[in-house]
Visitor: 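Quick one: this structure, given as structure tokens, is what I'll be asking you about.
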Amino acid sequence: MTGIPPSARTTSRRIRRLLVVGLTVVIAGITAVLGCQSQDSSPSSTALPASSPAASPPPSTAAPPPKAPHSERRGALGEAGGAVLDDVTVFDDAVPAVAHLDPGLLKALRQAATAAADDGVEFYVNSGWRSPEHQNQLLREAVSKYGSEDEAARWVATAATSPHVSGDAVDIGRSDATAWLSEHGAEYGLCQIYRNEPWHYELRTTAIDRGCPRMYADPTQDPRMQQ
């Protein structure tokens with residue numbers, strides 16, 4: 001085999017060194033470029049001036065605080081004044097609309113409710129005792145709704161005459177309960193007083209033996225409302 005001249009071997013080594021140096025330079029350049037791009041795409045850790053919009057905290061996404069209960073927002077016109085805010089039964093002593101009813105009326109209601117429960121009927125209270133402020137507010141709303149004081153009087157009494165303010169009346173909710181009372185209420189002294197209000201009941205103890213008295217067409221026919 002013919003040997004390679006020393007000059008050729010020297011030239012070959014120089015070429016390889018040049019290739020290695022060049023490749024190293026190229027790799028270093030690519031690394032530098034990638035490093036710059038990484039820095040540009042990452043968030044800056046430098047604090048921004050206070051005047052910069054980006055320095056302001058992001059708007060809060062927390063839910064607003066819950067609204068205060070109706071009784072807290074309306075005071076005497078809320079639950080403390082006799083408003084019934086949720087489903088309330090005649091056994092809910094913690095509710096002023098029930099707790100402030102006349103004791104005799106409340107006892108009769110609970111006796112009737114216990115009997116009605118055997119028939120699958122529950123007595124819910126739409127309204128019971130009311131404060132004078134609450135009653136006056138209801139009357140103002142009725143005047144606005146019906147257009148005159150005379151028409152409103154067919155549905156809402158004044159605070160001075162309303163049996164709700166004295167705790168002597170209750171409005172029973174749901175038709176199955178009023179239907180049950182229409183048939184059995186007199187046995188407990190519970191009577192519908194006004195023909196136009198099948199939900200309005202008061203205590204008439206004589207009804208246990210004699211039956212309920214004749215109903216008035218509406219509150220305007222009730223002598224108690226003429227005071």
Side-chain angles (χ1 to χ4, degrees), residues 69-114 116-117 121-146 149 151-182 184-186 188-204 207 212 215-222 224-225 227:
H70 185 63
S71 57
E72 293 179 11
R73 290 185 287 115
R74 298 290 300 276
L77 301 182
E79 187 174 20
V84 177
L85 307 183
D86 301 301
D87 285 341
V88 170
T89 74
V90 297
F91 298 100
D92 288 328
D93 285 327
V95 178
V98 174
H100 296 335
L101 287 173
D102 172 76
L105 172 60
L106 187 55
K107 179 180 179 180
L109 283 169
R110 290 177 173 176
Q111 290 174 340
T114 300
V121 177
E122 190 166 9
F123 286 7
Y124 288 96
V125 177
N126 280 351
S127 188
W129 167 85
R130 303 170 189 157
S131 69
E133 296 84 357
H134 191 146
Q135 186 69 30
N136 285 332
Q137 176 64 24
L138 292 177
L139 181 57
R140 287 192 293 269
E141 291 172 356
V143 171
S144 177
K145 177 179 180 179
Y146 295 109
E149 292 183 0
E151 187 63 22
R154 297 183 60 242
W155 304 98
V156 182
T158 66
T161 60
S162 173
H164 284 282
V165 174
S166 61
D168 293 317
V170 63
D171 293 347
I172 297 296
R174 304 191 184 181
S175 58
D176 59 343
T178 55
W180 193 95
L181 280 171
S182 178
H184 304 287
Y188 303 90
L190 298 171
C191 295
Q192 179 184 339
I193 303 302
Y194 307 118
R195 192 171 294 110
N196 69 329
E197 295 186 1
W199 52 82
H200 180 108
Y201 276 80
E202 299 180 26
L203 181 64
R204 299 288 185 270
C212 289
M215 288 183 281
Y216 299 111
D218 60 57
T220 62
Q221 306 301 310
D222 188 342
R224 296 176 301 171
M225 302 299 116
Q227 300 176 14

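Since the model is a prediction, treat every value here as computed from it, not as a measurement.
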Visitor: Between P163 and R130, is any pair of side-chain heavy atoms under 4.5 Å apart?
Guide: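 With C-beta onward as the side chain, the pair stays apart.
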Visitor: What pair of heavy atoms forms the shortest contact from A169 to L101, and how long is it?
Guide: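 In terms of heavy atoms, the two residues are closest at O-CD2, 3.4 Å.
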Visitor: Checking Y216 now: which residues fulfil ring pair (Phe, Tyr, Trp, His ring centres under 6.0 Å) with it, not counting sequence neighbours?
Guide: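 Y216: no ring pair (Phe, Tyr, Trp, His ring centres under 6.0 Å) contacts found.
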Visitor: Is there a side-chain contact (heavy atoms from CB on, under 4.5 Å) between W199 and S175? Walk through the geometry before answering.
Guide: CA-CA 8 Å; W199 52 82; S175 58; over 6 Å; no
Visitor: Considering only heavy atoms from C-beta outward, does the side chain of H184 approach that of V121 to under 4.5 Å?
Guide: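 SC-SC contact between H184 and V121 ruled out.
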Visitor: Applying side chain to side chain donor-acceptor pair (under 3.5 Å), can you list everything that pairs with Y124, at least two apart in sequence or on another chain?
Guide: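 Here the qualifying residues are E122.
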Visitor: Under the ring pair (Phe, Tyr, Trp, His ring centres under 6.0 Å) definition, can you give me all pairs with a residue in residues 159-178, not counting sequence neighbours?
Guide: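 Every pair satisfying ring pair (Phe, Tyr, Trp, His ring centres under 6.0 Å) with a residue in residues 159-178: H164-H200.
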Visitor: Using the test side-chain contact (heavy atoms from CB on, under 4.5 Å), find all partners of P96 that sit at least two apart in sequence or belong to another chain.
Guide: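 Here the qualifying residues are E79, H100, W129.
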Visitor: Using a 6.0 Å cut-off, check whether atom CD of E149 has over 12 heavy atoms from anything other than its own residue.
Guide: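 At most 12 heavy atoms, drawn from other residues, nucleotides or ligands, come within 6.0 Å of this atom.
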Visitor: Listed by chain and number, what are the salt bridge (charged side-chain N to carboxylate O under 4.0 Å, His left out) partners of D102, not counting sequence neighbours?
Guide: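 With neighbours one apart ignored, the set is empty.
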Visitor: Which of these passes side-chain contact (heavy atoms from CB on, under 4.5 Å) with V170: L190, V125, N126, V90?
Guide: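 Only one option passes, and that is V125.
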Visitor: Which residues pass the side chain to side chain donor-acceptor pair (under 3.5 Å) test with W180, sequence neighbours left out?
Guide: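 Once residues adjacent in sequence are excluded, the partners of W180 under the side chain to side chain donor-acceptor pair (under 3.5 Å) criterion are D119.
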Visitor: D218: which residues meet the salt bridge (charged side-chain N to carboxylate O under 4.0 Å, His left out) condition with it, sequence neighbours left out?
Guide: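 For D218, the residues satisfying salt bridge (charged side-chain N to carboxylate O under 4.0 Å, His left out) (neighbours in sequence not counted) are R154.
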Visitor: Any chance you could measure I172, atom CD1, to Y201, atom OH, to the nearest 0.5 Å?
Guide: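 The CD1 atom of I172 sits 8.5 Å away from the OH atom of Y201.
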Visitor: Considering all heavy atoms of both residues, which atom of P132 and which atom of V165 are nearest to each other, and what is their separation?
Guide: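 Smallest heavy-atom distance, with atoms named: CG-CG1, 4.1 Å.
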Visitor: Determine the minimum heavy-atom distance between G104 and L203, stating which atoms define it.
Guide: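 Looking at all heavy atoms of both residues, the closest pair is C-CD2, 3.6 Å.
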Visitor: Over all heavy atoms of both residues, which pair between P219 and A153 is shortest? Give the atoms and the distance, please.
Guide: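 Heavy-atom minimum between the residues: CB-O, 3.7 Å.
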Visitor: Only counting residues at least two apart or in another chain, list the ones meeting salt bridge (charged side-chain N to carboxylate O under 4.0 Å, His left out) with D93.
Guide: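 R110.
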Visitor: T161: what forms a side chain to side chain donor-acceptor pair (under 3.5 Å) with it, not counting sequence neighbours?
Guide: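 Listed in chain order: T158.
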Visitor: What residues, two or more places apart in sequence or in another chain, satisfy side chain to side chain donor-acceptor pair (under 3.5 Å) together with D176?
Guide: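 Once residues adjacent in sequence are excluded, D176 has no partner under the side chain to side chain donor-acceptor pair (under 3.5 Å) criterion.
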Visitor: Which pair of non-hydrogen atoms, one from L139 and one from A152, has the smallest distance, and what is that distance?
Guide: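 L139 and A152 have their closest heavy atoms at CD1-CB, 4.4 Å.
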Visitor: I'd like to check W155 versus N196 (side-chain heavy atoms, cut-off strictly below 4.5 Å). Are they in contact?
Guide: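 In contact.
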Visitor: With no hydrogens and no angle check, is any side-chain donor or acceptor of N136 less than 3.5 Å from a backbone partner on E133?
Guide: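 Here the side-chain-to-backbone pair does not exist.
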Visitor: Holding to side-chain contact (heavy atoms from CB on, under 4.5 Å), I want the full list of residues that pass it with A217, two or more places apart in sequence or in another chain.
Guide: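 For A217 the side-chain contact (heavy atoms from CB on, under 4.5 Å) partners, ignoring immediate neighbours, are R195, Q221.
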Visitor: Applying salt bridge (charged side-chain N to carboxylate O under 4.0 Å, His left out), name anything that partners R204, two or more places apart in sequence or on another chain.
Guide: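 E202.
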Visitor: Any idea which heavy atoms bring G78 and H134 closest together, and the distance?
Guide: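 So the minimum-distance heavy-atom pair works out to O-ND1, 4.3 Å.
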